[in-house]
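Side chains included, hydrogens not; waters and symmetry mates left out as well; all remaining heavy atoms used. Keep in mind it's a predicted model, so treat the numbers as computed, not measured.
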Amino acid sequence: MRSTPAFLPITIEELRLIESFRTGTRTIDAGRPLIEEDRPSPLLYTIYSGWAFRFKTLSDGRRQILGFLLPGDFVGLQDEFAESHTHGVEAVTDVTVCCFARDRLWELFHAQPKLGYHITWLAAREEKIVDDNLVTAGRRNAAERVAMLLMHLYRRAERVGMAREGWVQFPFNQQHIADALGLSLVHTNKTLRRLQQLGLYKLDAGWLRILEPHALETLGDYFDRPLQPTPLI
């Protein structure tokens with residue numbers, strides 16, 4: 001992951017410090033929780049491989065997907081500043097993560113302020129993604145929501161080296177998309193079919209290819225900006 005241009009370079013000293021805080025790695029099977037909603041987690045995580053998502057569930061079982069997680073994403077920081085557990089995280093594919101002890105977070109900030117700033121930067125980026133999701137749910141219509149989500153996930157996966165000859169893994173079903181966009185399953189199905197019939201994208205056996213990126217970007221009011229390299233903890 002560090003060899004890709006998506007991430008900031010790191011010094012040997014910083015790498016050794018990160019490794020000293022690491023408590024190990026875990027693999028979570030597809031469909032299993034990394035963080036459960038009703039149980040505080042003593043760990044923070046960096047995703048090494050696979051897809052996951054953050055979510056909240058209402059008392060009647062309705063679920064809102066708050067965001068999708070890819071390799072390089074730092075997971076679990078929100079709970080450090082919450083009075084109660086804030087969300088769950090579930091693996092969509094098999095996911096490998098690096099684990100850090102939550103109770104050593106301040107020690108990391110103190111020992112290496114630059115890494116502390118990087119963690120703050122990652123939290124701010126996550127807030128921006130949540131802001132974009134709020135605009136999507138509050139103001140975009142169904143076609144604009146789907147177009148925005150397809151472009152957003154494709155570009156993020158492409159950026160971290162997950163593209164293969166123009167295709168990226170897309171392990172999400174229509175329920176995932178509906179839960180992320182605040183749409184009914186029927187409305188999601190109709191919108192996906194309409195955009196595919198227009199020749200804007202193609203889904204094949206869990207892989208996504210964007211056929212008309214400019215058209216999807218215009219429809220979703222999504223314009224790709226040059227993204228600066230992000231920290232990798």
Applying a strict under-4.5 Å side-chain criterion to I, L, V, M, F, W and Y, I'd like to know whether [X] and [Y] cluster together.
X    : Y    : answer
L108 : I10  : yes
L8   : M1   : no
W167 : L200 : no
L203 : W207 : no
L181 : L185 : no

Nearest atoms (heavy-atom pairs only) where [X] meets [Y]:
X    : Y    : answer
A123 : L77  : CB-CD2, 3.8 Å
L195 : A143 : CD1-O, 4.0 Å
D94  : A30  : OD1-N, 2.9 Å
F68  : D73  : O-OD2, 4.0 Å
P71  : F7   : O-CZ, 3.8 Å
A91  : A52  : CA-CB, 4.1 Å

Contact check, side chains of [X] and [Y], non-hydrogen atoms, under 4.5 Å:
X    : Y    : answer
E107 : F21  : yes
V75  : V97  : no
M148 : D221 : no
N133 : L66  : no
R155 : P213 : yes
E90  : L34  : no
L216 : Y154 : no
R159 : L70  : no

Over 12 foreign heavy atoms within 6.0 Å of CZ, R26: yes
If you count every heavy atom of other residues, nucleotides or ligands that lies below 6.0 Å from I12 atom CD1, does the total exceed 12?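 Not more than 12 within 6.0 Å, no.
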Tell me whether [X] contacts the main-chain N or O of [Y] through its side chain, where contact means a donor paired with an acceptor under 3.5 Å.
X    : Y    : value
R102 : S41  : yes
R140 : V135 : no
R209 : E165 : yes
N173 : H176 : yes
T93  : W51  : yes
Y222 : L149 : no
T23  : C99  : yes
T46  : I233 : yes

Separation between [atom1] of [X] and [atom2] of [Y], rounded to the nearest 0.5 Å:
X    : Y    : atom1 : atom2 : answer
T218 : M151 : OG1   : CE    : 9.5 Å
K128 : D132 : NZ    : CG    : 3.5 Å
R193 : L198 : CZ    : CG    : 12.5 Å
F170 : L150 : CZ    : CG    : 5.5 Å
L134 : E127 : CG    : CD    : 11.5 Å
L115 : L15  : CG    : CG    : 10.0 Å

Result of checking H87, Q64, R62, E37 against T57 for side-chain contact (heavy atoms from CB on, under 4.5 Å): E37
So among L44, I28, V89, L43, which one has a side-chain contact (heavy atoms from CB on, under 4.5 Å) with I35? V89
Is the distance between the ring centroids of F172 and F53 under 6.0 Å? no
Go through R145 and H187 one step at a time and tell me if the side-chain contact (heavy atoms from CB on, under 4.5 Å) criterion holds. CA-CA 11 Å; R145 294 184 198 189; H187 205 169; over 6 Å; no
Test L105 against F100 for side-chain contact (heavy atoms from CB on, under 4.5 Å), laying out the working first. CA-CA 8 Å; L105 183 62; F100 302 92; over 6 Å; no
Would you call K114 and E13 a salt bridge, using N to O less than 4.0 angstrom?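 Salt bridge absent between K114 and E13.
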Do R54 and V130 pass the side-chain contact (heavy atoms from CB on, under 4.5 Å) test, and can you show the C-alpha distance, the side-chain angles, and the key distance before you say yes or no? CA-CA 11 Å; R54 296 193 307 112; V130 171; 3.8 Å; yes
